[in-house]
Amino acid sequence: MPIPLVNSIASWFLKKRFHQIELFLKYPNEVQEELLFSLIDIAKDTEVGKQHEFSSIKNYATFAERVPISTYEDFQEKIERSRKGENNIFWPKPIKWFAKSSGTTNAKSKFIPVSIDSLEDCHFAAGKDLLCMYLNNNEGSQLFTGKSLRLGGSKELYKENGTAFGDLSAILIDNMPFWAEYSSTPSSKVSLMSDWETKMDAIVNETINENVTSLAGVPSWMLVLLNNVLDKTDKTNLFDIWPNLEVYFHGGVSFNPYIDQYRNILPKKDFKYYESYNASEGFFAIQDQNYSGDLLLMLDYGIFYEFIPMDTFGTLDQKVIPLSEVKLNKNYAVVITTNAGLWRYMIGDTVRFVSISPYRIKVSGRTKHHINVFGEELIIENAEDALKKVCKKTQSEIVDYTAAPIFMEGKQKGAHEWLIEFKTPPKDINYFNELFDNALKSLNSDYEAKRYNNMTLNKPKIHIAREQLFYDWLKQNNKLGGQHKIPRLSNTRQYLDELLSINK
């Protein structure tokens, strides 16, 4: 397809879509309320709909009263029945696909339902919107003169009982329209390879001679790929290989620990980074401005949002509120009701709102991935902001890290123990630790209070990890590629002790 024609089609779609986006920007709460009642009406004759008497729900208060907050464990039995081919359990249309992701307390893996509605109206719609946002902000873009280098998961699709399961990226690639395949690299055959290390070599070989204009994938694994590309071509920056490269679309993990490493291999001040916030359960938010880490909450993808303030999360006083009641700069656990039949489902992420007109968010962490053994409420956002600040001061670079508590024993006070793999280590780890401790105090008043005069917490204890420790641990646990990542913070020592045992 000629490039001018592609640009004309994109421009037409862009203008049409922005009218719809303007609607939810202007009337966000009304759009969300209408969407909720549409989902309830569609699912009223399902097993879940009859159980909670959807047909007589007339307002949000009744919905919140009748339908309990749920986790994967609560939904697991219904999902397993659906995977075996049973229909009309939680969504009226047959569920053909299930996105496989890392496990829970009761199961090795989670299988998240992906309906045709969520595939088309959420995941694919978001992909188009991401391009819309970018093109709208960058009129001179030459994005469509080349291809997008996409990096998905390393699992193929597996079929049983008339349904299919695999990484979400595999489901998306398997169902992509022809034009998306035409404008992407590597080929679907290579993208869906199951062995991660073989796949890496194949991607490098297939893409180094392409005209790549954009990158798309999870920062940690994309960095591995890009460094392999540089090694293979004996180049020091990516513009020597792909001179027309102009944007990296990223998501899945925080970009903070990786930004400096990307700037080293993409040394152009006007190179763009665009973030998105998506998961197996849905696509939630998109960066809609150049040079901003704030994400616009997308309110018309078939997802109804609710939030649990983290200061009451998991307590008898736990509150659940709709979007219209959120406040700025508070941490909330995210609860979703979706067009794939997830009803009041906790996805495990926490966000905070940086704007409410329009609703823009930052992802602040995970409900399970924090350290709160001593009342310090240390979240991933605190950790990564502190590490970024200290790395800048000490001219060091981090590859990966994890942390866990040192529990109190007898007269021994508690502490946080960190295992950090450096690309460029600091000259003095004790000085690094001192700066890091002070940075955490400045970012988190609860941590500062517990550290006051070593009252509850002693100074952090930092170990330097050997090269490729985290990669080897992921490989050992069959978690290379895709959305797999190291658990950053934990209230238990499970991950840290495993990693320390192989840090030799």
Side-chain angles (χ1 to χ4, degrees), residues 130 133-134 137-138 141 143 146-152 185 200 203-204 207-208 210-278 286-287 289-295 362-363 380-381 383-401 420-425 467-468 470-471 474 480-486 488:
L130 187 57
M133 302 291 189
Y134 177 74
N137 295 331
N138 300 279
S141 170
L143 200 66
K147 293 191 174 184
S148 174
L149 195 170
R150 65 189 180 195
L151 180 61
T185 188
M200 278 285 103
I203 293 176
V204 172
T207 59
I208 53 177
E210 292 279 8
N211 176 24
V212 173
T213 54
S214 67
L215 308 169
V218 175
S220 51
W221 296 113
M222 180 62 76
L223 193 60
V224 173
L225 170 63
L226 297 179
N227 282 324
N228 283 349
V229 168
L230 292 172
D231 289 344
K232 174 88 174 181
T233 57
D234 202 27
K235 303 290 184 184
T236 56
N237 86 71
L238 292 168
F239 299 118
D240 290 339
I241 305 160
W242 301 310
N244 300 315
L245 190 59
E246 61 180 75
V247 60
Y248 172 31
F249 300 108
H250 63 88
V253 300
S254 169
F255 197 43
N256 269 351
Y258 306 101
I259 182 66
D260 289 336
Q261 292 176 67
Y262 274 92
R263 285 174 177 157
N264 287 339
I265 60 176
L266 292 162
K268 277 187 184 177
K269 286 187 178 178
D270 62 347
F271 185 80
K272 307 294 192 308
Y273 297 92
Y274 262 62
E275 186 172 357
S276 59
Y277 171 31
N278 65 308
I286 292 172
Q287 179 181 329
Q289 305 165 99
N290 283 341
Y291 310 114
S292 170
D294 301 343
L295 305 177
K362 282 186 180 290
V363 181
I380 290 173
E381 188 179 34
E384 295 191 338
D385 285 350
L387 287 169
K388 185 178 179 182
K389 188 184 292 187
V390 177
C391 281
K392 190 172 182 180
K393 282 186 180 177
T394 59
Q395 296 182 307
S396 51
E397 281 185 291
I398 287 176
V399 175
D400 236 321
Y401 71 89
I420 304 175
E421 182 181 341
F422 291 95
K423 182 179 181 184
T424 307
E467 188 177 347
Q468 283 211 304
F470 292 97
Y471 184 93
L474 287 166
L480 288 181
Q483 297 284 331
H484 296 305
K485 44 194 175 276
I486 295 295
R488 302 290 202 198

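The aromatic rings of Tyr273 and Phe271 sit perpendicular, their planes meeting at an angle over 60°, well past the 30° parallel limit.
Glu381 contributes no side-chain N or O that, together with a main-chain N or O of Lys362, makes up a donor-acceptor pair within less than 3.5 Å. Within the 3.5 Å criterion, the main-chain N or O of Gln468 finds a donor-acceptor partner in the side chain of Glu421. In this structure a side-chain-to-backbone donor-acceptor pair under 3.5 Å is missing from Glu210 to Val212. The backbone N or O of Pro425 sits nowhere less than 3.5 Å from a side-chain atom of Ser396 that would complete a donor-acceptor pair.
Here the shortest heavy-atom pairing between Pro267 and Phe239 reads N-CE1, 3.5 Å.
Aromatic ring centres of Phe255 and Tyr262: separated by under 6.0 Å.
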Between Met222 and Tyr248, does a side-chain contact (heavy atoms from CB on, under 4.5 Å) hold up when you go through it step by step?
CA-CA 10 Å; Met222 180 62 76; Tyr248 172 31; 3.5 Å; yes
Got a list of side-chain donor-acceptor pairs under 3.5 Å for residues 240-247, not counting sequence neighbours?
{"unit_1": "Trp242", "atom_1": "NE1", "unit_2": "Thr207", "atom_2": "O", "d": "3.1"}
{"unit_1": "Asn244", "atom_1": "ND2", "unit_2": "Asn211", "atom_2": "OD1", "d": "3.0"}
{"unit_1": "Glu246", "atom_1": "OE1", "unit_2": "Gln142", "atom_2": "N", "d": "3.1"}
{"unit_1": "Glu246", "atom_1": "OE2", "unit_2": "Tyr134", "atom_2": "OH", "d": "2.6"}
{"unit_1": "Glu246", "atom_1": "OE2", "unit_2": "Ser141", "atom_2": "OG", "d": "2.7"}

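Judged purely by distance below 3.5 Å, without hydrogens or angles, the side chains of Tyr274 and Asn137 pair a donor atom with an acceptor atom.
Atoms CD and CG, from Glu275 and Leu130 in turn, are 10.5 Å apart once rounded to the nearest 0.5 Å.
Side-chain contact between Asn138 and Lys272: present, with at least one pair of heavy atoms (C-beta onward) separated by less than 4.5 Å.
More than 12 heavy atoms of other residues, nucleotides or ligands sit less than 6.0 Å from atom CD of Gln289. Heavy-atom neighbours of Asp234 CG from other residues, nucleotides or ligands within 6.0 Å: at or below the threshold of 12.
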